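Written out below as structure tokens is the structure these notes cover.
Excluded from the calculations below are hydrogen atoms, water molecules and symmetry mates; all remaining heavy atoms, backbone and side chain alike, are included. Everything quoted here is computed from the prediction, not taken from an experiment.
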Amino acid sequence: MVEIKTDAALDAMREAGRVVARALAAVREAAGVGVSLQELDEAARTVLSEAGARSPFLGYRPSFAPTPFPAVICTSVNDAVSHGIPTGYRLRDGDLVSVDCGAELDGWTGDAAISFIVGTPRPADVDLINATQRALDAGIAAATPGNRIGDISHAIGTVARSARCGMPADFGGHGIGRRMHEDPHVPNRGRPRRGFPLRHGLTLAIEPMLMAGGRDDYRTGTDGWTLLTVDGSRAAHIEHTVAVTEEGPRILTLP
């Protein structure tokens with residue numbers, strides 16, 4: 001069932017979104033050569049705790065997962081697309097890192113992700129991150145009343161394909177509100193004018209995941225969580241929680 005939020009609910013989700021933005025900013029500031037992924041998780045935990053928020057990631061166990069998720073952020077490095085578990089791995093110069101974070105505050109949830117390069121950037125990685133950002137921007141621009149989910153999907157997919165990037169099949173965005181994952185599903189590819197109609201108060205986590213190798217297939221790591229490119233190419237993941245409003249898309253996970 002799709003829940004349409006009131007304006008008061010959107011304002012409450014905006015506060016949860018601010019916590020997510022602060023947590024991601026803290027992770028980005030903490031990241032550097034030699035810093036462990038677990039240390040990045042601790043930085044996010046501190047922000048959530050100080051805000052009085054809980055993590056919808058910690059302990060989460062969807063049907064595909066062998067174990068509950070053990071952290072408050074996902075940290076996906078280089079050929080990891082998403083769902084990476086923070087470990088003792090220490091970041092190296094040139095690593096491409098994607099970090100996904102959520103926060104639940106006063107019964108409402110926000111979810112966002114960033115991708116960045118540690119140390120010396122490779123031009124191809126910069127291009128990949130920029131393409132992922134353009135795909136997200138296009139998807140957000142399509143999140144207006146009168147459009148449909150397929151318009152968001154088509155906008156994202158068009159940018160990704162023009163950049164010759166792959167997108168992991170079966171994974172995409174989702175509805176969000178009282179819970180992190182709600183209906184409707186938001187694919188990262190699709191046909192325009194198809195799918196659930198967009199109306200004021202619909203809230204969506206829009207999250208393109210682009211793989212530089214151009215393939216859509218992926219594999220799951222030995223931890224049962226991490227999605228990896230099959231060809232070893234690098235991946236990027238950027239996400240915002242967005243409300244459809246009569247005034248235009250409202251990004252709820254900005255600082």
Would you tabulate the side-chain donor-acceptor contacts of residues 128-139 under 3.5 Å, counting partners in other chains and residues two or more places apart, or write 'none'?
from, atom 1, to, atom 2, distance (Å)
Asn130, ND2, Val126, O, 3.3
Thr132, OG1, Leu128, O, 2.8
Gln133, NE2, Asp137, OD1, 2.9

In terms of hydrophobic clustering (I, L, V, M, F, W, Y; side-chain heavy atoms under 4.5 Å; direct or indirect links), are Ile176 and Leu252 co-clustered? yes
Could you tell me which residues satisfy side-chain contact (heavy atoms from CB on, under 4.5 Å) with Thr245, sequence neighbours excluded, listed by chain and number? Leu10, His200, Ala243, Glu247, Arg250
Validation row: Ile85, Phe69 side chains within 4.5 angstrom (heavy atoms): yes
Using side-chain heavy atoms (C-beta onward) and a distance below 4.5 Å, is Val97 in contact with Ser76? no
Compare every heavy atom of Val72 with every heavy atom of Ala44, then report the nearest pair and how far apart it is. CB-CG2, 3.9 Å
List in chain and number order the residues that pass ring pair (Phe, Tyr, Trp, His ring centres under 6.0 Å) with Tyr89, two or more places apart in sequence or in another chain; answer none if no residue qualifies. none
More than 12 non-hydrogen atoms from neighbouring residues, nucleotides or ligands closer than 6.0 Å to CZ on Arg191, yes or no? no
Would you kindly confirm whether Met13 and Val244 end up in one hydrophobic cluster when ILVMFWY residues are joined by side chain heavy atoms under 4.5 Å apart? no
When the aromatic ring centroids of His181 and Tyr60 are compared, is their separation below 6.0 Å? yes
Holding to side-chain contact (heavy atoms from CB on, under 4.5 Å), I want the full list of residues that pass it with Ala141, two or more places apart in sequence or in another chain. none
Going by heavy atoms in the side chains, are Ile4 and Arg199 under 4.5 Å from each other? yes
Please list, chain by chain and in numerical order, all residues satisfying ring pair (Phe, Tyr, Trp, His ring centres under 6.0 Å) with His83, sequence neighbours excluded. Phe64, Phe171
Looking at every heavy atom in both Ala65 and Trp225, which two are closest together, and how far apart are they? CB-CZ2, 3.3 Å
Beyond-backbone contact of Glu207 with His240, side-chain heavy atoms, under 4.5 angstrom: no
Are any non-hydrogen side-chain atoms of Asp41 and Thr75 less than 4.5 angstrom apart? no
For residues 106-116, which side-chain donor-acceptor pairs fall under 3.5 Å, sequence neighbours excluded?
from, atom 1, to, atom 2, distance (Å)
Thr109, OG1, Gly177, O, 3.3
Asp111, OD2, His174, NE2, 3.3
Ser115, OG, Ser98, OG, 2.6
Ser115, OG, His237, N, 2.9
Ser115, OG, His237, O, 2.9

